[in-house]
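Starting from 1, each residue takes its place in the sequence as its number.
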Amino acid sequence: MATNRTLNRIEERMAGLEPGTIRYEALEAAKRFKNSWIDLGRLLWTVYREKKFKEWGYLSFDAYCAKEVGIRSATAKKLLQSYYFLEKEEPSVLRKLQEEPPAKLPQADSVNMLRLLKNRQNVPADDYQQVRSYVLEKGGEAQEVRREIRSLLEELQPDPQAARAARRTSSIRRAIGTLRSLKVEFEESKLLPVKLLAEIDALAKKLEEVL
């Protein structure tokens with residue numbers, strides 16, 4: 001993930017730091033980023049949460065990531081969100097990935113897409129579990145995960161004609177309710193003649209017939 005120039009800069013910074021410190025470990029994890037994004041995500045989460053970057057002379061977390069670790073703001077955000085998702089939603093999976101890393105580690109992009117999928121309200125539990133298994137247990141490639149999620153979401157999209165019919169029915173029911181309420185109000189207040197009240201009632205009945 002990191003270029004040779006970035007790696008050289010990271011190694012130069014590491015040379016002036018004490019091994020074992022958070023700052024040193026974050027840089028060390030950045031060197032292993034491609035194969036160990038979870039380690040980097042964990043350390044970046046600590047740096048972000050505890051505002052460690054300020055102690056090191058950076059005005060913002062983004063500046064720290066760009067100038068010291070050598071990753072873009074968008075990448076850092078994705079790592080933070082993906083790691084925090086595992087920590088919060090999949091603690092046992094995260095612990096296993098850290099203690100016994102599989103040959104094929106779940107990709108950060110794939111975990112991030114799983115996070116976004118879980119935040120959707122209309123996704124059936126069985127469908128989510130299928131994607132979850134593909135991402136966390138099988139280490140599915142991000143491109144394949146994206147394709148699977150896109151297909152799932154397309155299937156969940158309501159039929160346009162059915163949606164239009166549902167909106168029509170809902171609108172008619174609201175109109176009927178409004179007419180009924182107005183009729184009762186005008187009857188009690190005697191603000192309209194009986195003939196108009198009858199017409200309102202007739203209109204409500206005609207609308208009921210088209211449902």
Side-chain angles (χ1 to χ4, degrees), residues 1-11 22-23 25-50 52-53 58 60-157:
M1 177 64 68
T3 63
N4 289 335
R5 183 177 179 182
T6 300
L7 289 175
N8 290 338
R9 187 172 68 245
I10 288 175
E11 290 173 351
I22 291 177
R23 190 174 186 180
E25 289 184 358
L27 289 170
E28 189 173 43
K31 290 176 59 179
R32 305 191 308 270
F33 177 24
K34 189 164 185 177
N35 296 320
S36 187
W37 72 265
I38 289 180
D39 283 346
L40 182 55
R42 173 179 60 83
L43 290 161
L44 288 179
W45 173 240
T46 300
V47 172
Y48 176 80
R49 185 182 63 237
E50 299 180 5
K52 290 288 186 181
F53 56 88
Y58 294 98
S60 69
F61 178 72
D62 288 347
Y64 159 74
C65 289
K67 296 179 180 180
E68 181 154 328
V69 184
I71 58 177
R72 296 179 296 114
S73 173
T75 302
K77 182 178 181 181
K78 179 174 59 183
L79 289 174
L80 287 178
Q81 291 176 328
S82 298
Y83 176 81
Y84 182 67
F85 171 77
L86 291 178
E87 184 180 84
K88 181 182 178 182
E89 303 291 343
E90 303 284 351
S92 60
V93 172
L94 176 60
R95 185 165 54 252
K96 185 175 181 179
L97 290 174
Q98 292 173 319
E99 295 175 355
E100 303 174 23
K104 194 173 184 180
L105 192 73
Q107 296 180 4
D109 282 332
S110 298
V111 174
N112 189 50
M113 285 186 279
L114 181 66
R115 176 186 69 84
L116 294 172
L117 184 66
K118 188 172 181 62
N119 289 337
R120 287 181 170 269
Q121 300 297 320
N122 65 330
V123 178
D126 289 345
D127 290 327
Y128 173 78
Q129 287 300 323
Q130 181 177 341
V131 178
R132 175 193 175 279
S133 174
Y134 187 58
V135 172
L136 300 182
E137 298 172 13
K138 299 179 182 179
E141 296 291 328
Q143 185 176 357
E144 293 298 323
V145 173
R146 185 177 293 105
R147 185 178 297 117
E148 184 170 343
I149 290 177
R150 184 185 299 117
S151 176
L152 169 62
L153 295 180
E154 287 175 353
E155 291 177 3
L156 294 175
Q157 287 293 327

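To the nearest 0.5 angstrom, Tyr48 atom OH is 11.0 Å from Ser60 atom OG. Atoms CZ and CD, from Arg95 and Glu87 in turn, are 11.5 Å apart once rounded to the nearest 0.5 Å. Atom CD1 of Ile22 and atom CZ of Arg42 lie 9.0 Å apart (nearest 0.5 Å). Here the NZ atom belonging to Lys88 is positioned 13.0 Å from the CG atom belonging to Leu86, to the nearest 0.5 angstrom. With values rounded to the nearest 0.5 angstrom, Gln98 atom CD is found 7.0 Å from Asp39 atom CG. Remark: Leu43 CG to Leu79 CG distance equals 11.0 Å, nearest 0.5 Å.
Shown here is Asp126, whose CG atom has no more than 12 heavy atoms of other residues, nucleotides or ligands within 6.0 Å. Applying the 6.0 Å contact sphere to CZ of Arg120 captures no more than 12 heavy atoms from other residues, nucleotides or ligands. Around CD of Glu144, the count of heavy atoms belonging to other residues, nucleotides or ligands within 6.0 Å exceeds 12.
Looking only at side-chain heavy atoms (C-beta outward), Val145 and Glu148 stay at 4.5 Å or farther from each other. For the pair Pro124 and Leu156, the minimum side-chain heavy-atom distance is below 4.5 Å. Here the side chains of Trp37 and Leu44 are not in contact, with every heavy-atom distance at 4.5 Å or above. Counting only heavy atoms from C-beta outward, the side chains of Glu25 and Thr46 never approach each other to under 4.5 Å.
Using modelled atom types and a 3.5 Å distance limit, the side chains of Glu137 and Ser133 yield a donor-acceptor pair. A donor-acceptor contact under 3.5 angstrom links the side chains of Tyr58 and Glu68, judged on distance only.
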For this session: Kindly determine whether Tyr128 and Leu152 satisfy side chain to side chain contact (heavy atoms under 4.5 Å, CB included), including the steps that lead there.
Result: CA-CA 9 Å; Tyr128 173 78; Leu152 169 62; over 6 Å; no
Enumerate, atom names and distances included, each donor-acceptor pair closer than 3.5 Å involving a side-chain atom of residues 101-118, sequence neighbours excluded.
| unit_1 | atom_1 | unit_2 | atom_2 | d |
| --- | --- | --- | --- | --- |
| Gln107 | OE1 | Ala142 | N | 3.1 |
| Gln107 | NE2 | Glu141 | OE1 | 2.7 |
| Asp109 | OD1 | Lys78 | NZ | 2.4 |
| Ser110 | OG | Gly140 | O | 3.1 |
| Ser110 | OG | Ala142 | N | 3.4 |
| Asn112 | OD1 | Arg115 | NE | 3.0 |
| Asn112 | OD1 | Arg115 | NH2 | 2.9 |
| Arg115 | NH2 | Gln81 | OE1 | 3.0 |

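Of all non-hydrogen atoms in Phe61 and Ala76, the two that sit nearest each other are CE2-CB, 4.0 Å. Taking every heavy atom of both residues into account, Leu27 and Val69 meet most closely at CD2-CA, 4.3 Å.
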